[in-house]
Amino acid sequence: MSARVPFNALTPGDDAAAVRAAIDRVIASGWFVLGPEVEGFEAEFAAASGVPHAVGVGTGTDAITLILRALDIGDGDEVITPPLSAAYSALAVIMAGARPVFADIDPDRLTLDPTKIEAAITPRTKAILPVHLYGQAADMRAIEAIAARHHLALVEDAAQAHIATSDGRAVGTIGVAGAISFYPTKNLGALGDGGAVITRDTQLAARIKRLRNGGQTSRYHHEEAGANSRLDEMQAAILRARLPYLGGWTARRRAIAAAYRFGLEGAALTVPREFDAGHVYHLFPVRTPHRDAFMAHLANFGVETLIHYPVPIPRQPALKAFDPADCPVANRVCSEVVSLPMYPALPDAAISAVAAAARTFRPAGQ
Ligand SMILES: *Cc1c(COP(=O)(O)O)cnc(C)c1O
């Protein structure tokens, strides 16, 4: 059998010395929460993302929740969001005190379907929360037109879309703000949890800085009931060390995607189209109605695969109380989608091996 191809590789590689130096610098500084590393990272990440402001927070989930709270969206309000995503997209809406309402996805782009949004709007709707899933922006031209027509806030879940663009525009600049995650598997990952809000809006950034730190306006003065969701100095320093690699890593992800598209020609699979050249390929999903057999076939060749995501969010037990709409397109996609290994350190030989193994897959009865 061939060499094992793991699904991901999270141990620092080409960046290891820089990460180690960052860790040592923070230990020596004796300063661990909300300090110069966080401020430095916020400025550097904002510049890299093409937005004026970045605010470091505890997680990507908190980034979404804090954006909604800063927009005064909460109790009694509804937020429209897609059924295919990490469940945290919808859980963040619930954490803000609002109700997630699901509009189905486009069957090819796999992001929020603009033609399904208006039927989900009610007098309580306050925001639309599209997810730039797998690293590709949702159809933002269509979605922003709907948001404008109905006076809804547009909040971008960009947790999988670091430095991605939509029609040439930076994610996080299209709506009022974008939520970023630095969970270790993301395109820019910490060695622990981390997140950021990116935005053009100076006042919104200031409100989120207050909300992340207990709602304090000065020490021990809590102006509003904020959260405790701070990016720590260690993670900020690690992210600063890694940020200069992000452009190269993203280029490598795009090259891997191109190699997969070429190598998978003729395979008994559906390979999702690239709708936007600003795609940053957080994941590389393919689709087959014979998913279990396909995953077993690749496992025989030592290739690890994972499913993003096996259960549509409206079908999660946690969502039952919100009486979510059933989303048939997402239901079908969740039963067919499977992600191939996709990370910058994936060697060329592994890409060829994955594609070759996939090409020999013969669904039962064919
Ligand atoms: C990872 C992720 C989140 C949550 O980010 P955390 O940092 O894990 O809280 C939210 N939405 C999407 C689409 C994600 O991929």
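In each ligand, atom 1 is the first atom listed, and ligand 1 is the first ligand listed. Residues: numbered from 1 along the sequence shown. Computation of the quantities below employed the complete heavy-atom set of this structure, encompassing side-chain atoms and omitting hydrogens, waters and symmetry-equivalent molecules.
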Colleague: Could you check, using the six-membered ring where one of them is a Trp, whether Y343 and F284 have ring centers closer than 6.0 angstrom?
Modeller: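 So the answer is no for these two rings.
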Colleague: On a heavy-atom basis, which atom in L264 and which in V286 lie closest, and how many Å separate them?
Modeller: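 Closest approach of L264 to V286: CD1-CG1, 4.1 Å.
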Colleague: Between R210 and E223, is there a salt bridge with N-O shorter than 4.0 Å?
Modeller: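 Looking at R210 together with E223, the answer is no, because their closest N to O distance does not fall below 4.0 Å.
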Colleague: Work out whether the distance between some heavy atom of S89 and some atom of ligand 1 is less than 4.0 Å.
Modeller: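 It does; at least one heavy atom falls under 4.0 Å.
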Colleague: For atom 7 (O) of ligand 1, state which one of A158, S181, G194, A159 supplies the nearest heavy atom.
Modeller: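 Checking each option, the heavy atom nearest atom 7 (O) of ligand 1 is found in S181.
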Colleague: Quick one: do V5 and L340 end up in the same hydrophobic cluster if we chain Ile, Leu, Val, Met, Phe, Trp and Tyr together by side-chain heavy atoms under 4.5 Å apart?
Modeller: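 They do share one cluster, since a chain of ILVMFWY contacts under 4.5 Å joins V5 to L340.
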Colleague: Salt bridge between D75 and R124, side-chain N to carboxylate O under 4.0 Å?
Modeller: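 No, D75 and R124 are not salt-bridged.
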Colleague: With side chain to side chain contact (heavy atoms under 4.5 Å, CB included) as the criterion, how do T202 and H53 come out once you've worked through the C-alpha distance, each side chain's angles and the decisive distance to 0.1 Å?
Modeller: CA-CA 7 Å; T202 304; H53 307 286; 3.0 Å; yes
Colleague: Would you mind running through ligand 1 and noting each atom that sits below 4.0 Å from a heavy atom of T59?
Modeller: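 With T59 as reference, the close atoms of ligand 1 come out as 7 (O), 9 (O).
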Colleague: Polar contacts were defined as any N/O atom of the residue lying under 3.5 Å from an N/O atom of the ligand; does this apply to Y88 and ligand 1?
Modeller: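 N/O-N/O distance under 3.5 Å: no.
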Colleague: Mind checking whether T81 and F102 have side chains closer than 4.5 Å, heavy atoms only?
Modeller: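 When only atoms from C-beta onward are counted, F102 and T81 do touch, with a gap below 4.5 Å.
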Colleague: Answer yes or no: does an N/O atom from A86 fall short of 3.5 Å to an N/O atom of ligand 1?
Modeller: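 No.
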Colleague: Using a heavy-atom cut-off of under 4.0 Å, does the side chain or the backbone of H282 touch ligand 1, or both, or neither?
Modeller: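 The answer is neither.
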Colleague: Does ligand 1 come near enough to D193 that some N or O of the ligand is less than 3.5 Å from an N or O of the residue?
Modeller: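 N/O-N/O distance below 3.5 Å does not exist for this pair.
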Colleague: Touching ligand 1 at all, K186? Heavy atoms, strictly under 4.0 Å?
Modeller: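 Under 4.0 Å: yes for K186.
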Colleague: Indicate, as side chain, backbone, both or neither, the part of V131 found under 4.0 angstrom from ligand 1 when only non-hydrogen atoms are considered.
Modeller: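 The answer is the side chain.
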Colleague: Indicate yes or no: does an N/O atom of D62 lie under 3.5 Å from an N/O atom of ligand 1?
Modeller: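 Between D62 and ligand 1 (N or O atoms, distance only) the closest approach is not under 3.5 Å.
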Colleague: Checking a contact table here: which protein heavy atom is nearest atom 4 (C) of ligand 1, and how many Å away?
Modeller: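 The protein heavy atom lying closest is T61 OG1, 3.4 Å.
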Colleague: Which ligand 1 atoms, with their elements, are less than 4.0 angstrom from a heavy-atom of S85?
Modeller: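 Per the distance check, 13 (C).
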Colleague: Taking 4.0 angstrom as the limit and counting only heavy atoms of G60, give me the atoms of ligand 1 inside it, by number and element.
Modeller: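 Heavy-atom distances to G60 below 4.0 Å select 5 (O), 6 (P), 7 (O), 9 (O).
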Colleague: Any N or O on Y183 sitting closer than 3.5 Å to an N or O of ligand 1?
Modeller: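 Between Y183 and ligand 1, no N or O pair is found under 3.5 Å apart.
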Colleague: Would you say that P312 contacts C327 through its side chain, given a criterion of any heavy-atom pair below 4.5 Å between the two side chains?
Modeller: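 In short, these two side chains do not touch, never coming nearer than 4.5 Å.
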Colleague: Below 3.5 Å, N or O to N or O, backbone or side chain included: is there any such pair between D157 and ligand 1?
Modeller: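 Yes; the residue has a nitrogen or oxygen that sits under 3.5 Å from a nitrogen or oxygen of the ligand.
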Colleague: Please work out whether the ring planes of F45 and H162 are parallel, tilted or perpendicular, with thresholds of 30° and 60°.
Modeller: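 The rings of F45 and H162 stand perpendicular, inter-plane angle above 60°.
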Colleague: Could you check whether R359 makes a cation-pi contact with F361, meaning its NZ or CZ is under 6.0 Å from the centre of the six-membered ring and within 45° of the ring axis?
Modeller: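 Output no; distance or angle outside limits.
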